[in-house]
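Following: one structure in structure tokens, then a few remarks.
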Amino acid sequence: MPLEEIRGSFRVFENSLRGSLQKVGFEHLQVGCDCASKYVQGTVAASYPLSKVGNGTSFFKIILQESENPCSKAGAINTYMFGKLAEECASVVHQGDIVVVAGFSMAKSTSEADGHCCRLEVSDEAGSTIYIKMKRKIKTRESTHQVCTRSSNTITGSETIAMPVTPSYTYTPLNRVKGGTIVNLYGAVKFFKPPYKCKGTDYCSVITIVDQSDAKLICSLFNVNRDALPQIYKNGDIVRFHRIKIKEFSGQLQGISSSGFAALTFDGAVGTPVVPRTSSKLFTFTDEDRKTIEDLRIWVASNLLNSAVVAKLSGIQPPMYFDLTCQLVGKAKLDGSSYLLKVWDGTKCPFTYWKLHVREDDLEGDSVLIHRLRNLTVDVVVYDNHVQLAKSLKVGTFIRLYSLHAKFQSPEDEPDVSYLQFHLHGGTTYGRGITSLPEGHADVEDLKKFLNSVDLMEDESSESPSEPENAYFTLLRDHQHFEVTALSTILNSRSPQPYRIRAKLRQFEPEKLHQSVKLHCPQCNLLCKHCSNPKAIASLSPLATQKDPLWEPTTIAQALGLVPLEYVFVMKFMLDDGTGTLNVYLMDCKDFFQIPASEVLTNNIFQENIERIMNKLCPSGTNLDDLPWLDCFIKSYYVTDGREQQICYRVFDTTIAEDV
DNA sequence: TTAGGTTTGG
């Protein structure tokens, strides 16, 4: 906490502080000294009213008197507080309180009247911590109606101070860090785990940094606020850590964020703007910092081998783990431990890849856009610890998926085919994780430009640019001896029977393919019907007591009184042979299109195939004369709603074939 | 406190 009250013995408190910080006397304070591992202690001699500096930041000034050396020449020093910390201190700090300041910086005094050549500067954002030992305990208004009066030497009046402040920090090369110290560091990121929620109360980011000394340091950084952790997006980024604690673990030195820790991150590429990424509003940045970063960038360019594999969807070579920069188009909860992210990067994945079947209602995102981008988006399944972050991502934002796994997988019942799947496995090994890239990030701007240049119409019309204009025809699987019957004859006949017809497809429903896939009950031969008579789970007991129980879905379903439903295509064709038109139903699992209905919703290649077939059989805006003739078997049958009988027709023993 | 790079499921 940036502001803490010291309760109990001050001596005990000071002993605990000495474990990590060193006390420094006022006379040793000067601009340029290393204050990272130091603290000062003094008594509040005076305080000024809370005010604001030019940019609107709150400002609070106190004069600290060195407690143990009241006669010292440098016995007092001005302490300037900024931001939230200033506001908090202004409400609790009073004359006579003992104050301990850690994480301060030094600035040159603006007036000789200050009594010291420099002043202390502290702020929440800079990671300062102020400990206060109250002179007297305050009674609250709630506990008593007596308003507590404390002696206060508040100086009235406003004052203008010079901004920005320029304190001086000393940075330790990585080969010089020592255990038990608190140091300031610069380094290039060699490896990192994007912030993730750890088992404790905080978010954690593990970052390995290297520098020109060729030493490396693994740092574990914690913060309750994800955004307060360094915003690293790729290896090679440059970080500046202030007040990082060095300790030994398993014979190796490591860095750990301690009280007052603060970080800045910079793009590590030579020539890019030197703009610090930070959630802090207040931080120091000097010409020297700029020089350090530029030097490190040059070193990174020829010394840091980036182990991360970065790929576009068009260039992946499965199986592989890679980092993908993309835009989130849709998202959906799958189950408690997995989550779907539909993403695109403007390029087309050249492999047959897995599409998950998600109910439209469960999919968050613009359904029109999702449909338009259907041939360019891939489905990424993220697991376990990544679910929480995935859930929080806003559709439309740009994200980077780290160590995304692309691998082929065959469905259990189809060993001959395999689909490419994208998984972000659980855990954080190898830096697996997700970051949301901010607007304005160079990679985001580049990707945006590229996505805007993608011509979706072109993509749709040139999905297979070199593919010949294949024709489709129907194959009759049996009964070839049947004579062709005119539709007018069929329309005049009322007896249920099979026919061979030759007609053109004038219209079909539904237009949207996904609406044609239904669940069908093979027992009663009807759609979404309840033939199941579910039994208690105990009904499985007889099966379990068998010598070699057969734990197959059909056996289990039977024992539980369930009739498994199956996926079928249900379509209505309006056929025309010039003698009349007839509405004929198609209800088919896999034989008509030679594509299983159970797979089509999850496989975009199958969807494209069917769309292509239907577009050939019944292209929109084409005259009946130009449509292809189709040979089909149909049969007539009666359906009844209990009162009236109606004659219907459906396709059977007919298959669509491609004329290659 | 947490993690402590890593040898990578669904």
Side-chain angles (χ1 to χ4, degrees), chain A residues 1 20 174 177 179 187-210 215-226 228-230 232 234-237 239 241 244-259 261 304-309 311 316 318-324 332-341 353-358 379-388 390 401-412 418-434 602:
Chain A
M1 294 298 289
S20 53
L174 294 181
V177 294
V189 175
K190 184 177 177 290
F191 167 86
F192 71 103
K193 292 184 175 186
Y196 61 96
K197 190 87 177 70
C198 62
K199 285 181 190 152
T201 55
D202 294 344
Y203 282 90
C204 171
S205 185
V206 175
I207 300 160
T208 304
I209 55 171
V210 288
K216 78 166 188 181
L217 185 73
I218 298 170
C219 304
S220 296
L221 310 179
F222 299 96
N223 202 294
V224 73
N225 178 8
R226 169 191 292 274
L229 288 168
I232 296 165
K234 60 172 164 233
N235 291 345
D237 279 353
V239 289
F241 293 157
I244 187 162
K245 193 198 267 177
I246 306 297
K247 66 171 195 177
E248 203 182 301
F249 176 79
S250 292
Q252 232 187 355
L253 289 177
Q254 66 171 203
I256 186 160
S257 54
S258 61
S259 171
F261 172 81
L304 190 74
L305 275 174
N306 189 355
S307 54
V309 178
I316 55 170
M320 75 188 296
Y321 292 87
F322 68 110
D323 294 351
L324 177 69
K333 186 188 170 184
L334 297 175
D335 61 45
S337 65
S338 63
Y339 203 85
L340 166 68
L341 298 178
Y353 52 91
W354 192 255
K355 287 269 179 179
L356 278 101
H357 175 46
V358 179
D379 285 357
V380 174
V381 183
V382 310
Y383 294 93
D384 306 335
N385 54 314
H386 309 300
V387 169
Q388 186 212 14
L401 300 158
Y402 298 94
S403 204
L404 179 61
H405 191 188
K407 69 155 186 174
F408 283 107
Q409 181 85 27
S410 295
E412 257 182 32
S418 64
Y419 308 96
L420 189 62
Q421 302 190 348
F422 295 91
H423 299 281
L424 188 71
H425 298 302
T428 62
T429 53
Y430 281 97
R432 281 196 295 255
I434 311 172
T602 56

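Every chain is numbered from 1 and lettered A, B, ... according to where its sequence line falls, protein lines coming before strand lines. The analysis underlying the following values was restricted to heavy atoms, covering all of them including side chains, and did not include hydrogens, waters or symmetry mates.
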Next item on the list: Say whether, by atom type as modelled, one donor and one acceptor occur between the side chain of His386(A) and the main chain of His425(A) under 3.5 angstrom.
Entry: yes
Margin query: By the 4.0 Å heavy-atom rule, please label Lys197(A) as base, sugar-phosphate, or nothing.
Written below: nothing
Checklist line | Residues that Gln254(A) engages under side-chain hydrogen bond (donor to acceptor under 3.5 Å, both in side chains), provided they are two or more places apart | finding: none
Notebook entry, point to check: His405(A) near the nucleic acid: base, sugar-phosphate alone, or nothing, with a heavy-atom cut-off under 4.0 Å?
Noted result: nothing
Item checked: Which residues share a side-chain hydrogen bond (donor to acceptor under 3.5 Å, both in side chains) with Asn385(A), sequence neighbours left out -> none
Notebook entry, point to check: For DNA chain B, whose closest nucleotide is more 5', that of Gly426(A) or that of Phe191(A)?
Noted result: Phe191(A)
For residues 219-226 of chain A, which side-chain N or O atoms pair as donor and acceptor with protein atoms under 3.5 Å away, sequence neighbours left out?
from: Asn223(A); atom 1: OD1; to: Asn225(A); atom 2: N; distance (Å): 2.9
from: Asn225(A); atom 1: OD1; to: Asp227(A); atom 2: N; distance (Å): 3.1
from: Arg226(A); atom 1: NH1; to: Pro195(A); atom 2: O; distance (Å): 2.9

Margin query: Using a heavy-atom cut-off of 4.0 Å across all strands, would you classify Phe422(A) as base, sugar-phosphate, or nothing?
Written below: nothing
Next item on the list: Scan Ser403(A) against the nucleic acid and name what it touches under 4.0 Å (heavy atoms): base, sugar-phosphate only, or nothing.
Entry: base
Next item on the list: Kindly write out the residues that satisfy ring pair (Phe, Tyr, Trp, His ring centres under 6.0 Å) with Tyr321(A), not counting sequence neighbours, or none if the list is empty.
Entry: His405(A)
Note to self: So, using ring pair (Phe, Tyr, Trp, His ring centres under 6.0 Å) as the criterion, who are the partners of Phe192(A) when residues are at least two apart?
What the structure shows: Tyr402(A)
Item checked: chain A footprint on DNA chain B, 5' to 3' - any atom under 4.0 Å from a heavy atom -> dT1(B) to dG10(B)
Next item on the list: Under 4.0 Å between any heavy atoms, over every strand shown, what does Thr429(A) touch: base, sugar-phosphate, or nothing? Just pick one.
Entry: sugar-phosphate
Note to self: Taking any heavy-atom pair under 4.0 Å as a contact, classify Ser250(A): base, sugar-phosphate, or nothing.
What the structure shows: nothing
Check: When all nucleic acid strands are considered with a 4.0 Å heavy-atom cut-off, which category describes Lys407(A): base, sugar-phosphate, or nothing?
Finding: sugar-phosphate
Next item on the list: Determine the contact category for Ile207(A): base if any of its heavy atoms lies under 4.0 Å from a base atom, sugar-phosphate if only primed atoms, P, OP1 or OP2 are that close, otherwise nothing.
Entry: nothing
